[in-house]
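Contents: one structure, followed by commentary.
The structure displayed is predicted, hence computed values, not measured ones.
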Amino acid sequence: MAGAAPKLHIDASDLAVTVIVTSWHAEITDALLAGAERALKAAGNDVYTVMRVPGAFELPLAAQWAAEEGAEVIVTLGVVIRGDTPHFDYVCNAATDGLTRVQLDYSVPIGFGLLTVDNEAQALERAGLPNSKEDKGAEAVEAAVLMARLK
């Protein structure tokens, strides 16, 4: 039986961080942003840039712009909720593939805090709200900062 992962020291104190947040489902995305901001501040960084974009499809281009402007860490936050059409699949694939491409092309770690869920309840469980089981905004910060420190 595997144990819990050890708690790692997260130090973002001298990193240029850009957090990119989608606008759809504001209750969820605002909570993801709050979690990311808590994690950044806990890691010693209270000077970061926040960019708002319309939706998940726009995340890769905004991430590219952030990388071009010198971001050393990029955190992307948002939510896509499955509907009755294939739109969910197209948007999730485009966002994931685009962010992967930016990360590899610019050698800048991207924290992937884009929730891709079947329903709003699943998103709320991951949003970092007081009753949520998970805080994916904070987790995205931690993953990206740890990757930046590996370099």
To check you understand the geometry: which heavy-atom pair defines the closest contact between [X] and [Y], and what is its length?
| X | Y | answer |
| --- | --- | --- |
| Ala36 | Leu77 | CB-CD1, 3.9 Å |
| Ala67 | Ile74 | N-CD1, 3.9 Å |
| Ala56 | Ala95 | O-CB, 3.6 Å |
| Val102 | Pro60 | CG2-O, 3.5 Å |

Calculate, to the nearest 0.5 Å, the distance between atoms [atom1] and [atom2] belonging to [X] and [Y] respectively.
| X | Y | atom1 | atom2 | result |
| --- | --- | --- | --- | --- |
| Leu40 | Ile10 | CG | CD1 | 10.5 Å |
| Asp135 | Leu32 | CG | CG | 7.5 Å |
| His25 | Asp30 | NE2 | CG | 12.5 Å |
| Thr49 | Glu69 | OG1 | CD | 9.5 Å |

Give a yes or no on whether the backbone of [Y] and the side-chain of [X] come within a donor-acceptor separation of less than 3.5 Å.
| X | Y | result |
| --- | --- | --- |
| Thr76 | Leu99 | no |
| Thr22 | Val53 | no |
| Asn45 | Val17 | no |
| Ser132 | Leu124 | yes |
| Gln103 | Ile110 | yes |
| Gln122 | Asp118 | yes |

Inset, instruction - Apply the test side chain to side chain contact (heavy atoms under 4.5 Å, CB included) to residues Lys136 and Leu114: give CA-CA distance (whole Å), side-chain angles for both, the deciding distance (0.1 Å), then the verdict. - result: CA-CA 8 Å; Lys136 294 299 184 182; Leu114 177 63; over 6 Å; no
Taking atom [atom1] of [X] as the centre, does the number of heavy atoms from other residues, nucleotides or ligands within less than 6.0 Å exceed 12?
| X | atom1 | value |
| --- | --- | --- |
| Met147 | CE | no |
| Phe57 | CZ | no |
| Arg82 | CZ | yes |

Inset, instruction - For side chain to side chain contact (heavy atoms under 4.5 Å, CB included), just list the numbers for Glu37 and Tyr48, CA-CA rounded to whole Å, side-chain angles, deciding distance to a tenth of an Å, and then say yes or no. - result: CA-CA 9 Å; Glu37 290 179 317; Tyr48 48 86; 3.0 Å; yes
Inset, instruction - Sequence neighbours left out, what passes side-chain contact (heavy atoms from CB on, under 4.5 Å) with Ala16? Give chain and number order. - result: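 Ala16: side-chain contact (heavy atoms from CB on, under 4.5 Å) contacts with Glu72.
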Inset, instruction - Determine, using the 4.5 Å side-chain heavy-atom cutoff (strictly less than), whether Phe88 and Ile81 are members of one ILVMFWY cluster. - result: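 No, Phe88 does not connect to Ile81 through the hydrophobic network.
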Legend entry - Glu125 and Val117: CA distance, side-chain angles, deciding distance, side chain to side chain contact (heavy atoms under 4.5 Å, CB included) verdict: CA-CA 10 Å; Glu125 284 294 319; Val117 296; over 6 Å; no
Inset, instruction - Apply side chain to side chain contact (heavy atoms under 4.5 Å, CB included) to the pair Phe112 and Thr96, showing each step before the final yes or no. - result: CA-CA 8 Å; Phe112 190 79; Thr96 302; 3.5 Å; yes
